[in-house]
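Take a look at the structure set out below.
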Amino acid sequence: MAGATKARGRTKAKPKPKGKPKPKPTSTSVSNKRPKSTTPTPPMISNTTPLPTLLLDTGGYNIKHATLHPSQKNGAVSNSIGTSTGSTTSSSGKNTARKKPTFSPNLSAKPKHQLTTLLSSQIETIQNKSQLFVTRPMERGYITDLGTQFQIWDHILQMESMDSSHSFSNGGVKGIMPPLYKNQSKKKIAKKSGAGDGAGDGDGAVAGGASSGSGSSEVKTLFTHTTAVFCLTQPFTPRCIMDNEDEVWYRDFGFGRVGRRLGASCAAYHYLQEGKAGTRTRTRTHRSSNAQSGNEQGEKQAQHHTQSQKQGQGQEPQLISIPDDGTTCCCVVDSGFSMTSIVPTVDTCAIECGIRRINVGGKLLTNLLKQTISYRKFNMMDEFFLVNEAKEALCYVSMNFDDDVKSARDVREGMREFDREFILPDFSETFRGSVRLPAMLQRMKDLVKRQELQDNLIKIQQCKKESAIAAGSGGINSVDKDNSMKKTNETDEDDGGGDSDGGDGDNNGGRDDAAETNNNDEDEDDQDSDNETEEQARLRILKQREEERKRRELEQSERQALLFSVERFAIPEVLFRPSDIDMEQIGLAESIVQSIEALDPIYRASMYQNIVLTGGNVKIPFFRERLEAELRMLAPINYKIRIYLPHDPDTYAWDGAQQLIHNNNFIDGSIHLDRTDWEAMKESGQDGIWESKLNAGLEPGFTYI
């Protein structure tokens, strides 16, 4: 046994030699920690060279994007922006062309029983959107699914004719730097970007600098390493999200420069520029007095939607100018799809202690309306897009919510002044809903119109009699003509009676005569149709139109419709009373007062006087009037309340960013960060790159990001 143990001890297994460790697989997905890139960096250009800039506002519902192109004239940068649809005023006082952004939905969708994934504008090819499984990469204003957002951004780059696929390999960069633009045919760009899948692809090709012409026209393709991107952000965006976005823009897409700025700061910049140029205007509105009855007020609110439609069809609203008070203070209220934020700014710098946030946006309102309709009427839980369309067409803000609800209790549903029906599309002939009055209200409206027509006819007859009496002789002659006509009619009746007293043969003869007269009447009708007067033709056309209108009304009455009553103003009321749906948050007016009162007292008066509304929810009818009324009750009496609602609040911040880029000649280091500087900061391990870059020189408590 001892020998056995010695043998066992002598025959000890030798350790295997360690081989080379296997390299870890590099992950291509977007993550916080990435291996250091071994690919050579793309060629960089001078820091003083103006670059084409992709201006991007990534929202929860839409992405607003367009490419701004600087033009070189005699070695100097001019502030031209390609396709112009308006004009703005730069800091130098010169009028610069303004470009409108392209709206692309910020979502990806999959049709049922298919493997195809639709991105952004490609969803417009689907008429019935209830058949889609929709994925949104943003929740509550921040990116939560960077992989999906990366795919959507890549689709937008293709729409803007940008090429981000570079092959820098084989030991380094090519000796000759590729040109800034490369001409390609429009067909190739269409195939690459999926043109024909959505209407936005054509706009993107035009935005890239091409002229809209035939299919053989050429467009300019931009390389991302010689292009800048400027992004609008939300306040208090987590740093980890910003770092991941930087990885995407600099490393995945390879942009040469990246810029960031708060959307509220850009809106404040636009507001201040309008004040300097004296072009700040708003639509004049007629507010109802407090003594006005609830029925009249509800009727005016119910008619607001039709009035706004008439203004959009060609009647220009009356505009009043808002003077500039000389301060650089501005309180920006942004109510969008995901949330509502209040950001006070001084000289476009946001004051951190005054920023407030309400978790109520357009998405919550649409979901709430969807649940209400599904509980009371039809099951609409899968019809987000259709319910959102109904919300935009019918909802309004009530000036006195409690009184409107009390008055609704006394009237039967379907007969209230604010009741409307939303006709559902059948997706065979119609693909969008429409609005109509309920049957009872339509009958009452027709009776009122009929009574008005009768009153007008009576007035016209009275005017004719008065004019005939005043004429004198003309009235006597008309009476004589009437008497002579009566006598001739009596003699004709006597002649006809004598003929009818005859025998059978006379009766047969009378029938033959009647047949002959009928044939003669038909011939005369044919002649009249050929030789009808203009008045007869007009009456005939009007009769045909009336019959066609009745036929269409009959078809619409047979279609399915949703009746909207108190839901029209109860859903937007959540913006002012979140506690109605058990949210532990204060309303919009209280949040604004709380935000302004948290500031230094020297800013408060000017903040109340310069409140700017942006976002899609502020376009709800009577939003500004209700907010102004509530602020007047909450704010100190010695402060003046002035709320500015822009003509296009959706793109107000985007337009401000456009002015900021052009007034800084595309190359200002205070709004952009070059790729080389970003790489150096990342290698040094510096945290808070954008805070140190944009907020350098600002006092504590102020921020641009």
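Position 1 is the first residue of the sequence; numbering continues from there.
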Just how far is it from atom [atom1] of [X] to atom [atom2] of [Y], taken to the nearest 0.5 Å?
X      : Y      : atom1 : atom2 : answer
Met159 : Asp154 : CE    : CG    : 12.0 Å
Phe223 : Leu51  : CZ    : CG    : 14.5 Å
Thr233 : Trp690 : OG1   : CH2   : 9.5 Å
Arg136 : Ser338 : CZ    : OG    : 8.5 Å
Tyr269 : Asp347 : OH    : CG    : 10.0 Å
Asp246 : Arg675 : CG    : CZ    : 11.5 Å

Are side-chain N/O atoms of [X] and [Y] paired as donor and acceptor at under 3.5 Å?
X      : Y      : value
Asn388 : Glu392 : yes
His662 : Gln658 : no
Asn610 : Arg642 : yes

Less than 4.5 Å apart, side chain to side chain, heavy atoms only: is that true for [X] and [Y]?
X      : Y      : answer
Arg260 : Ile689 : no
Leu645 : Val618 : yes
Pro105 : Glu124 : yes
Ile351 : Phe702 : yes
Leu575 : Ser335 : yes
Trp153 : Leu56  : yes

Show the nearest heavy-atom pair for residues [X] and [Y], with the distance to one decimal.
X      : Y      : result
Ala350 : Ile355 : CB-CD1, 4.4 Å
Cys266 : Arg261 : SG-CG, 3.8 Å
Leu588 : Val333 : CD1-CG1, 3.9 Å
Tyr652 : His270 : O-ND1, 3.1 Å
Phe150 : Val248 : CD1-CG1, 3.6 Å
Arg356 : Ser595 : CG-CB, 3.8 Å

Looking at residues at least two apart in the chain, or sitting in another chain, which of them share a side chain to side chain contact (heavy atoms under 4.5 Å, CB included) with Lys619?
Pro649, Asp650

For Gln151 and Asp145: C-alpha separation, side-chain torsions, deciding distance, then whether side-chain contact (heavy atoms from CB on, under 4.5 Å) applies.
CA-CA 10 Å; Gln151 295 177 0; Asp145 188 356; over 6 Å; no

Residues pairing under ring pair (Phe, Tyr, Trp, His ring centres under 6.0 Å) where one sits in residues 328-348, two or more places apart or in two chains, turn out to be Tyr61-Phe337

Between Lys682 and Asp243, does any side-chain N to carboxylate O distance fall below 4.0 Å?
no

Is the number of heavy atoms from other residues, nucleotides or ligands within 6.0 Å of NZ (Lys110) greater than 12?
no

side-chain contact (heavy atoms from CB on, under 4.5 Å) assessment of Glu245 paired with Val258
CA-CA 10 Å; Glu245 291 180 10; Val258 177; over 6 Å; no

Under the side-chain contact (heavy atoms from CB on, under 4.5 Å) criterion, do Leu262 and Val332 qualify, and how do the steps go?
CA-CA 11 Å; Leu262 281 176; Val332 180; over 6 Å; no

Please test Asn106 against Gln149 for side-chain contact (heavy atoms from CB on, under 4.5 Å), starting from the C-alpha separation and ending with a verdict.
CA-CA 8 Å; Asn106 189 15; Gln149 191 66 71; 3.2 Å; yes

Just distance, no hydrogens or angles: give the donor-acceptor pairs under 3.5 Å from side chains in residues 137-144, sequence neighbours left out.
from, atom 1, to, atom 2, distance (Å)
Glu139, OE1, Lys363, NZ, 3.2
Glu139, OE2, Lys363, NZ, 3.3
Tyr142, OH, Pro235, O, 2.9
Thr144, OG1, Pro137, O, 3.3

Specify whether Phe253 and Trp249 have parallel, tilted or perpendicular ring planes, treating 30° as the upper limit for parallel and 60° as the lower limit for perpendicular.
tilted

